[in-house]
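No experiment lies behind these values; they were computed from the predicted model shown.
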Amino acid sequence: MSEKNSGDGSRSARERLQQQRERDKAREKQRRVLIVSAAVVGVLGLAAVVGVIAASGDKDGGSDKAGPVVAPSGATDEDAKPAIPTGKGDAPSTLTIWEDFRCPACAQFENVMRDSVHELEASGALKAEYHLATLIDGNMGGSGSLRAANAAACAQDAGKFTAYHDTLYINQPPETDDAFGDNAKLIELAAKVPGLDTPAFRSCVNDGTHDGWVKKSQEAFQNGGFRGTPSVLLNGESIFPTKGNEQISPENLKKWVAEANKGKKAGTASPSAG
């Protein structure tokens, strides 16, 4: 019996090691892809993304019919730009991210940079502000951007925004597949976040409780002069796909934050509810 258990334990350890190696390989591959894509965006971004914004403006005509604006718990609205904050509120640097849950480039950014952002937040070096946009709905039709953003705001009400936000990007469907337009799919994914799939969350998702708030965020994006998603700023300076002559990468983000924080104390406040 003990020999069998020992064998099972060794096998489990080998399996975990193999899984970790596969995750490391995937992360490195995503990192290389991000760097290559960043160079492409730098060349083609202006023409391509302006087209996305123009199409969004043409097709998204329902903003004035959004109903009441119900902000999620802990959301901010500085300068009429709705946002969900994460990290320690007194962190010396701020990462501002405008993104769309249907946007492939946003998923690429998140899946490569996620660990570094979380690490910087945990250390008190960085806090983040997430602004949710619905460009893909406007450009390609459908409602997945809006529905997913509303569901993420519902997760914020439950204090589980970050985990659900990450889950949505890890499980993002192809851009042309409006799978996130189905509330049942969004609720199914909530089961991957411990404690999130509750009657209150389901009701919030199905009722579109925060639709008006999401549409207000999209209007702020359209009025903000941004070229596309993701739009990423560190202390107000754009860093995607580059900061100066340097490409964005996990290593460079840490370096840029360290440079910005030189001589400043790390944040110590309780993390935001997200």
A.B. asks: Going by atom types only, do T86 and E121 share a side-chain donor-acceptor pair under 3.5 Å?
C.D. replies: yes

A.B. asks: Among residues at least two apart in sequence or on other chains, which ones pass side-chain contact (heavy atoms from CB on, under 4.5 Å) with K264?
C.D. replies: P92

A.B. asks: So which atom in C106 and which in P230 form the shortest heavy-atom distance, rounded to 0.1 Å?
C.D. replies: SG-N, 3.5 Å

A.B. asks: Who passes side-chain contact (heavy atoms from CB on, under 4.5 Å) against E237, sequence neighbours left out?
C.D. replies: K243

A.B. asks: Check the pair T94 / E129 against side-chain contact (heavy atoms from CB on, under 4.5 Å), numbers first and verdict last.
C.D. replies: CA-CA 7 Å; T94 302; E129 295 176 349; 3.9 Å; yes

A.B. asks: How many angstroms lie between NE2 in H118 and CZ in R114, if you round to the nearest 0.5 Å?
C.D. replies: 6.0 Å

A.B. asks: Return the set of residues passing side-chain hydrogen bond (donor to acceptor under 3.5 Å, both in side chains) with K81 (not counting sequence neighbours), or none when no residue passes.
C.D. replies: none

A.B. asks: Can you tell me how far OG of S231 sits from CG of L233, rounded to the nearest 0.5 angstrom?
C.D. replies: 7.0 Å

A.B. asks: Please tell me if the side chains of I248 and M113 come closer than 4.5 Å, counting only heavy atoms from C-beta onward.
C.D. replies: yes

A.B. asks: How many angstroms lie between CH2 in W256 and CG in L126, if you round to the nearest 0.5 Å?
C.D. replies: 12.5 Å

A.B. asks: Mind checking the CZ-OG spacing from F161 to S73? Nearest 0.5 Å is all I need.
C.D. replies: 13.0 Å

A.B. asks: Compare every heavy atom of Q218 with every heavy atom of T134, then report the nearest pair and how far apart it is.
C.D. replies: N-OE1, 2.9 Å

A.B. asks: Nearest heavy-atom pair of Q156 and P72: which atoms, and what distance?
C.D. replies: CG-CB, 3.9 Å

A.B. asks: Which residue in the set L132, V69, D157 passes side-chain contact (heavy atoms from CB on, under 4.5 Å) when paired with H210?
C.D. replies: D157

A.B. asks: Is a salt bridge present between D178 and R102, judged by a nitrogen-to-oxygen distance below 4.0 Å?
C.D. replies: yes

A.B. asks: Testing the basics here: between C103 and Q172, what is the closest heavy-atom pair and its distance to 0.1 Å?
C.D. replies: O-NE2, 2.9 Å

A.B. asks: Which residues pass the side-chain contact (heavy atoms from CB on, under 4.5 Å) test with T198, not counting sequence neighbours?
C.D. replies: A200, F201

A.B. asks: Which pair of non-hydrogen atoms, one from P82 and one from A220, has the smallest distance, and what is that distance?
C.D. replies: CD-CB, 4.2 Å

A.B. asks: For the pair N261 (side chain) and A125 (backbone), establish whether a donor and an acceptor sit closer than 3.5 Å, ignoring hydrogens and angles.
C.D. replies: yes

A.B. asks: For atom CD of E259, decide whether the heavy atoms of other residues, nucleotides or ligands shown that lie under 6.0 angstrom number more than 12.
C.D. replies: yes

A.B. asks: Do S143 and D137 have side-chain atoms, one donor and one acceptor, less than 3.5 Å apart?
C.D. replies: no

A.B. asks: Are the charged groups of K216 and E219 less than 4.0 angstrom apart, N to O?
C.D. replies: no

A.B. asks: Please examine the side chains of V232 and L95, heavy atoms only from C-beta on, and report whether any two atoms are closer than 4.5 Å.
C.D. replies: yes

A.B. asks: Among all residues two or more places apart in sequence or in another chain, which pass the side-chain contact (heavy atoms from CB on, under 4.5 Å) test with T167?
C.D. replies: N171, L189, K192, V193

A.B. asks: Angle between ring planes, F221 versus W98, binned at 30° and 60°: parallel, tilted or perpendicular?
C.D. replies: tilted

A.B. asks: Would you mind telling me which of V117, V112, L120, D115 makes a side-chain contact (heavy atoms from CB on, under 4.5 Å) with P250?
C.D. replies: V112

A.B. asks: Between K254 and S249, is there a donor-acceptor pair closer than 3.5 Å when you use the side chain of the first and the backbone of the second?
C.D. replies: no

A.B. asks: Are the side chains of L253 and V257 in contact, using a 4.5 Å heavy-atom criterion?
C.D. replies: yes

A.B. asks: Is it true that I187 and L168 fall in one hydrophobic cluster, defined by side-chain heavy atoms closer than 4.5 Å?
C.D. replies: yes

A.B. asks: Return the CD to CD1 distance between Q247 and I239, rounded to the nearest 0.5 Å.
C.D. replies: 12.0 Å

A.B. asks: Mind running side-chain contact (heavy atoms from CB on, under 4.5 Å) on T162 and Y130 for me, showing each step along the way?
C.D. replies: CA-CA 10 Å; T162 297; Y130 290 90; 5.8 Å; no

A.B. asks: Taking the side chain as every heavy atom from C-beta outward, state whether E99 and H131 have any pair of such atoms under 4.5 Å apart.
C.D. replies: no

A.B. asks: Can a donor-acceptor pair be found between the side chains of S145 and D100 at a distance below 3.5 Å?
C.D. replies: yes

A.B. asks: Residues in ring pair (Phe, Tyr, Trp, His ring centres under 6.0 Å) with F180, at least two apart?
C.D. replies: none

A.B. asks: Give the intermediate values and the outcome of side-chain contact (heavy atoms from CB on, under 4.5 Å) for residues I136 and E175.
C.D. replies: CA-CA 8 Å; I136 307 300; E175 185 178 15; 3.5 Å; yes

A.B. asks: Test salt bridge (charged side-chain N to carboxylate O under 4.0 Å, His left out) on D211 and R147 and set out the steps.
C.D. replies: CA-CA 8 Å; D211 283 1; R147 299 267 49 79; 2.8 Å; yes

A.B. asks: Answer yes or no: is there a side-chain heavy-atom contact under 4.5 Å between K255 and E246?
C.D. replies: yes

A.B. asks: For a quick test of reading the model, state the closest non-hydrogen atom pair linking A269 to G89 and the distance between them.
C.D. replies: CB-N, 4.2 Å

A.B. asks: Check the orientation of Y169 and H165. Use parallel for under 30°, tilted for 30 to 60°, and perpendicular for over 60°.
C.D. replies: perpendicular

A.B. asks: At what distance, to the nearest 0.5 angstrom, does CG of L234 lie from CD1 of I97?
C.D. replies: 10.5 Å

A.B. asks: Does any N or O in the side chain of N150 come within less than 3.5 Å of the main-chain N or O of L146, such that one atom is a donor and the other an acceptor?
C.D. replies: no

A.B. asks: Would you call T229 and F101 a side-chain contact if the rule is heavy atoms closer than 4.5 Å?
C.D. replies: no

